[in-house]
Amino acid sequence: MTLKDTLKHQGLRQKLVATIKSKGITNEKVLDAIGKIPRHLFMDSSFLDHAYQDKAFPIAADQTISQPYTVAFQTELLQIKTGHKVLEIGTGSGYQTVVLCLLGAKVFSIERQHELYKKTSKFLPKLGYKPKKLIFGDGYIGLEEEAPFDSIIVTAGAPFVPKPLLGQLKIGGRLVIPVGDDIQIMTLFIRKGPKEFEQHEFGEFRFVPLLEDRN
Ligand code: SAH
């Protein structure tokens, strides 16, 4: 695979940034990250022409690379500061992972599909991006050994909110998770105390499901 990023790609990317800005994304660091990341390299060659449309697309193992607007929307809700410890559930192509890295987060990311886990583990270092750790495992249980986290982002549709994820947040920490079966409601939990959470909802989104078994 060649890792070519041309002026044409860069131009298309700036248009994509303008598109998601017009849809309401204001965080400059998030917009900068979308403007920098060569999204076409995260996709199969048959979809190269689509890379800079604001749409989700298929990747390996029947999964999808999330829509850039959705990636930006979820990332904005996390309110990441440099040095924050962030857990991502659903590494997939690694595109969202890299957005988090560019915001200065220490990123831990869990993927349940072995094929994707392997592919993305090889690919990100080639592009020069270094998440703290990619993990092959089940996002429903989170990552207790690295907890607590400043924020946790779930990039697959969760039928319910996994309790361990709430428990692995710092006080003041934020969990952004799309909750629902066919259609999900983007939901933000802010941990206010050991057992106290504030909950906010941000409308409907569609994700591939957060799966419970591992096959
Ligand atoms: N963040 C990704 C989005 C990938 S789609 C990107 O930017 O490309 C959601 C991903 O969640 C898929 O790769 C899927 O395999 C993964 N997933 C589904 N259930 C999971 C689980 N229980 N634990 C970890 N990952 C899971």
Side-chain angles (χ1 to χ4, degrees), residues 13 16 20 25 30 33-34 36-44 47-48 50-78 80 86-103 105 107-124 127 129 131 133-144 146 149 151-165 168 175-184 186 205-215:
R13 247 185 345 258
L16 174 63
I20 62 171
I25 302 299
V30 174
I34 303 278
K36 277 194 188 126
I37 304 168
R39 187 171 186 253
H40 61 285
L41 300 178
F42 291 72
M43 296 169 52
D44 294 334
F47 287 101
L48 281 192
H50 302 292
Y52 295 107
Q53 295 178 15
D54 188 25
K55 288 185 182 158
F57 280 102
I59 52 172
D62 284 334
Q63 299 304 320
T64 57
I65 178 169
S66 301
Q67 183 180 344
Y69 170 74
T70 306
V71 170
F73 190 87
Q74 286 194 277
T75 308
E76 215 171 45
L77 287 178
L78 296 175
I80 290 173
V86 178
L87 176 64
E88 177 189 23
I89 310 298
T91 316
S93 69
Y95 181 77
Q96 169 77 70
T97 317
V98 167
V99 171
L100 299 169
C101 290
L102 286 182
L103 290 177
V107 186
F108 297 80
S109 184
I110 307 179
E111 173 57 54
R112 72 175 277 287
Q113 279 270 358
H114 197 247
E115 181 190 342
L116 275 177
Y117 161 76
K118 272 199 316 203
K119 194 171 171 196
T120 302
S121 299
K122 273 197 200 148
F123 173 64
L124 295 188
L127 273 190
Y129 298 119
K133 199 172 183 195
L134 299 183
I135 299 112
F136 171 53
D138 178 12
Y140 274 92
I141 58 176
L143 196 62
E144 186 57 44
E146 291 292 345
F149 295 95
S151 59
I152 301 180
I153 174 171
V154 179
T155 70
F160 58 90
V161 181
K163 280 234 171 67
L165 300 185
Q168 291 173 19
L175 166 65
V176 174
I177 180 168
V179 187
D181 291 318
D182 297 335
I183 295 175
Q184 295 85 33
M186 191 62 76
F205 288 79
R206 273 170 207 269
F207 286 80
V208 295
L210 187 70
L211 295 173
E212 282 191 78
D213 55 314
R214 193 190 289 183
N215 50 41

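We number each residue from 1, following the sequence as shown. Order of appearance sets the numbers: ligands from 1, and atoms from 1 within every ligand. Note that the coordinates shown come from a computational prediction; the quantities given were computed from them, not determined experimentally.
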| To the nearest 0.5 Å, how far apart are CZ in Phe207 and CD in Gln74? | 4.0 Å
| query | Heavy-atom distance under 4.5 Å between the side chains of Leu100 and Glu88, does that happen here? | reply | yes
Please tabulate, line by line, the atom pairs linking an N/O of ligand 1 to a protein N/O at a distance below 3.5 Å, with the distance in Å to 0.1, or answer 'none'.
| from | atom 1 | to | atom 2 | distance (Å) |
| --- | --- | --- | --- | --- |
| ligand 1 | 1 (N) | Glu88 | OE2 | 3.1 |
| ligand 1 | 1 (N) | Gly90 | O | 3.0 |
| ligand 1 | 1 (N) | Thr155 | OG1 | 3.2 |
| ligand 1 | 7 (O) | Gln96 | N | 3.2 |
| ligand 1 | 8 (O) | Ser93 | N | 3.2 |
| ligand 1 | 8 (O) | Ser93 | OG | 2.7 |
| ligand 1 | 13 (O) | Glu111 | OE1 | 2.7 |
| ligand 1 | 13 (O) | Glu111 | OE2 | 3.4 |
| ligand 1 | 15 (O) | Glu111 | OE2 | 2.6 |
| ligand 1 | 19 (N) | Leu211 | N | 2.9 |
| ligand 1 | 22 (N) | Asp138 | OD1 | 3.0 |
| ligand 1 | 22 (N) | Leu211 | O | 2.7 |
| ligand 1 | 23 (N) | Gly139 | N | 2.8 |
| ligand 1 | 25 (N) | Arg112 | N | 3.4 |

| field | Closest non-hydrogen atom pair between Arg13 and Ile34, with its separation | value | CD-O, 3.6 Å
| query | Would Tyr95 and Tyr129 count as a ring pair (Phe, Tyr, Trp, His ring centres under 6.0 Å) if you check the C-alpha gap in whole Å, the side-chain angles of each, and the deciding distance to 0.1 Å? | reply | CA-CA 10 Å; Tyr95 181 77; Tyr129 298 119; 9.7 Å; no
| message | Looking at every non-hydrogen atom in both residues, tell me the closest pair between Gln168 and Ile141 and how far apart they are. | response | NE2-O, 3.1 Å
| Do the side chains of Ile25 and Phe73 get nearer than 4.5 Å, heavy atoms only? | yes
